[in-house]
2 protein chains.
Amino acid sequence: MPESGTKSPRERYRAQVRGEIKERAWEQIATAGASALSLNAIAKQLGMSGPALYRYYAGRDELITELVRDAYQSLADAIRAAFDAGADVTGLAHEWRRWALEDPHRYLLVFGTPIPGYRAPDDVTAIASRIMAVLIDAFAAHTFESPATPFDAHLDSHRQWAADHPAPSAVLHRALTLWTRLHGILSLEVAGHFAGMGFDPALLFAAELDALLGH
Amino acid sequence: MPESGTKSPRERYRAQVRGEIKERAWEQIATAGASALSLNAIAKQLGMSGPALYRYYAGRDELITELVRDAYQSLADAIRAAFDAGADVTGLAHEWRRWALEDPHRYLLVFGTPIPGYRAPDDVTAIASRIMAVLIDAFAAHTFESPATPFDAHLDSHRQWAADHPAPSAVLHRALTLWTRLHGILSLEVAGHFAGMGFDPALLFAAELDALLGH
DNA sequence: ATCGATCGGTTACAAGTTATCACGAAGACT
DNA sequence: AGTCTTCGTGATAACTTGTAACCGATCGAT
C-alpha cells in the first residue's frame with residue numbers, strides 16, 4: 001500500500017485509523033474466529049468508546065467484507081510474487097499452503113463457511129479470476145497427454161471464471177482441479193479435522209500434488 | 001432409534017421436547033446458518049419463554065454439539081445404507097454429494113469452519129472412523145496397480161483413523177483421497193464459491209470421480 | 001391417599017452485543 | 001474570525017446468552 005502521499009491530513013488520519021481497526025480485527029479473528037468479532041472490543045482497544053467506530057465502518061458486515069477483500073488480495077499477491085520469482089506449480093501450491101497455515105482463520109474467512117448476512121463483493125471475484133489466471137499460466141508450461149473428458153468439453157464454453165484465458169480447456173481443468181484438491185486438504189487441516197487421525201497432513205498434501213502433476 | 005419403550009413418562013416428555021428443540025434449531029440453521037442460531041427464538045417458537053430451554057440443554061454449545069453428532073450420524077447412516085444396498089465407490093460418492101446438497105448448512109456445520117467455543121465430542125471421531133471404514137471396504141473391491149508413494153509408507157504406521165482396518169495402505173490412501181477431493185469440491189460448491197464461475201459443479205464432481213477411479 | 005422432593009416453567013435480572021441518535025468539541029477551509 | 005465538516009461522546013433501543021429465585025404440577029414413596 002504505497003502511494004498514499006497527496007492526501008488531506010484528515011483523510012490520512014482516517015485511513016490510518018481504519019487500518020488500526022482492521023489490525024485489531026485480525027488479531028481478534030486470529031484468536032477467536034470471525035464470528036466472535038466484537039466491534040465494541042475493538043473500539044475499547046483503540047481507546048475510543050463504542051459508536052465512534054461507526055464513523056469508520058458502517059457496521060460489522062462492511063468491516064468483514066473489507067477483511068475478506070484484503071485476505072483475498074493477500075493471497076493473490078503471495079501467489080503472484082511466487083510466480084514472478086520463478087515458482088512452478090509445485091512452488092505455487094506450497095506457497096498456497098504456507099499462506100493458509102500462516103493464519104488459519106484468515107483462510108477460513110475467505111474459503112470457509114460464509115458469514116450469514118454478507119455477500120461477496122464483485123471485485124472479489126475479479127481477484128479470484130486473477131489468482132486462477134496465474135495457476136493457468138503455471139500449468140501452461142506443462143504438457144499433458146490427457147484424454148478429453150466430458151468436463152473438458154463443458155469448460156470450453158464456460159471459461160469466464162478464468163477471465164477467458166486462451167489456454168486449452170484441459171489446462172483450465174488442471175488449474176481448477178488443483179484448486180479444489182488443495183482446498184479439500186487445506187480446509188480440513190485448517191479446521192482441525194485431521195487432528196486426531198495421526199498421519200502427517202504435509203505428506204498427504206505432497207502426495208496429492210504428485211498425483212496431479214502426472215504421477 | 002427403536003427400543004425407547006420402557007421409559008418413565010417424564011423422560012419420554014423430556015426426550016420429545018429435546019427433539020422438538022433440535023428440529024427448530026435445524027430449521028434456523030437451514031435458513032440463517034449455524035452462527036445465527038438463537039435459543040430465545042427457538043423457545044419462543046415452541047411456546048415457552050427463554051430460560052425454560054436451559055432445562056433441556058445446558059447452553060448453546062451443548063445444543064450445537066448434539067446437532068453435529070446427529071448430522072454426523074445421519075451421514076454415516078446414509079453411506080452405510082447405500083453400501084448395504086450394493087452401491088460401489090461411485091454410488092457412495094454420489095450419495096455423499098446428495099447428502100451434502102440436501103442441506104448445505106448441515107454439511108458446513110460438520111465439515112466447515114468450526115464454531116469458536118465448541119470442541120468435537122469424542123464419539124464423533126468414532127462415527128467418522130466408521131464412515132471411513134465403509135469407504136475403505138468399498139475400495140477394497142477394486143484392484144489398483146499403484147506405485148507405493150512415500151505417503152503410503154507413512155500410512156502403514158498411521159492407520160488408527162481407519163479403526164486399524166487391515167486393508168493395504170494403498171487402499172487407505174485411496175479412501176482418504178476420495179474424502180479430501182470430494183470435500184474440496186462439495187465445500188466450495190455448498191459455500192457458494194462456484195456461484196459466479198459458470199460451469200456445472202456436477203460435471204466437475206463426476207470428472208474428479210472418474211479421475212480417481214482409474215481414468 | 002397423602003406427603004415430599006424433583007422437575008418444568010415462569011418472571012426478573014445481569015452482562016454482553018450491534019446500531020442509531022443527539023449533542024459538544026475540535027480541526028479545516030474560506 | 002467565522003463557518004462547516006468531521007470526530008468522539010453518552011444515552012438509548014432492541015437484541016443476545018445465561019443465572020437466580022420462585023411457583024405449580026407431577027411422580028414416587030410411604
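First the proteins, then the strands, lettered A, B, ... as listed; each starts at 1. These numbers come from the heavy atoms of this one structure, side chains and all, not from hydrogens, waters or symmetry mates. On a predicted model such as this, the values are computed, not experimentally measured, just so you know.
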Carboxylate-amine/guanidinium contact A/R24 A/E20, below 4.0 Å:
no
Base, sugar-phosphate or nothing for A/Y56? Non-hydrogen atoms, less than 4.0 Å.
sugar-phosphate
Nearest whole angstrom, please: distance from the P of C/dG8 to the CD of B/Q16.
13 Å
Gap between atoms CG and P, on A/L46 and D/dT9 respectively (whole Å)
11 Å
side-chain contact (heavy atoms from CB on, under 4.5 Å), paired with B/L53, selected from B/L46, B/I21, B/N40
B/I21
Spacing between A/R12 atom CZ and D/dC7 atom P, to the nearest angstrom
15 Å
Heteroatom pairs (N/O) under 3.5 angstrom, protein to nucleotides 25-30 of chain C:
none

Using a strict threshold of under 4.0 Å (side-chain N to carboxylate O), is an ion pair present between B/E11 and B/R14?
no
Quick one: does any side-chain atom of B/R181 pair with a main-chain N or O of A/E208 as donor and acceptor, under 3.5 Å?
no
Give the C-alpha distance, both sets of side-chain angles, the deciding distance and a yes or no for side chain to side chain contact (heavy atoms under 4.5 Å, CB included) between A/V17 and A/Y13.
CA-CA 6 Å; A/V17 173; A/Y13 177 71; 3.7 Å; yes
Sub-4.5 Å side-chain heavy-atom contact between A/Y57 and A/R18:
yes
C/dT17 P sits how many Å from A/L53 CG, rounded?
13 Å
Output one letter per nucleotide in nucleotides 10-21 of chain D: B when a protein non-hydrogen atom lies under 4.0 Å from the base, S when only the sugar-phosphate is that close, - when neither is.
BB----SBBB-B
Side chains of B/F151 and A/F205 in contact at under 4.5 Å (non-hydrogen atoms):
no
Roughly how many Å is it from CZ in A/R18 to C1' in D/dT6, rounded to a whole number?
15 Å
If I take atom OH in residue B/Y13 and atom C1' in nucleotide D/dT26, what distance separates them, rounded to the nearest angstrom?
12 Å
Do B/D200 and A/H158 pass the side chain to side chain donor-acceptor pair (under 3.5 Å) test, and can you show the C-alpha distance, the side-chain angles, and the key distance before you say yes or no?
CA-CA 9 Å; B/D200 182 1; A/H158 296 86; over 6 Å; no
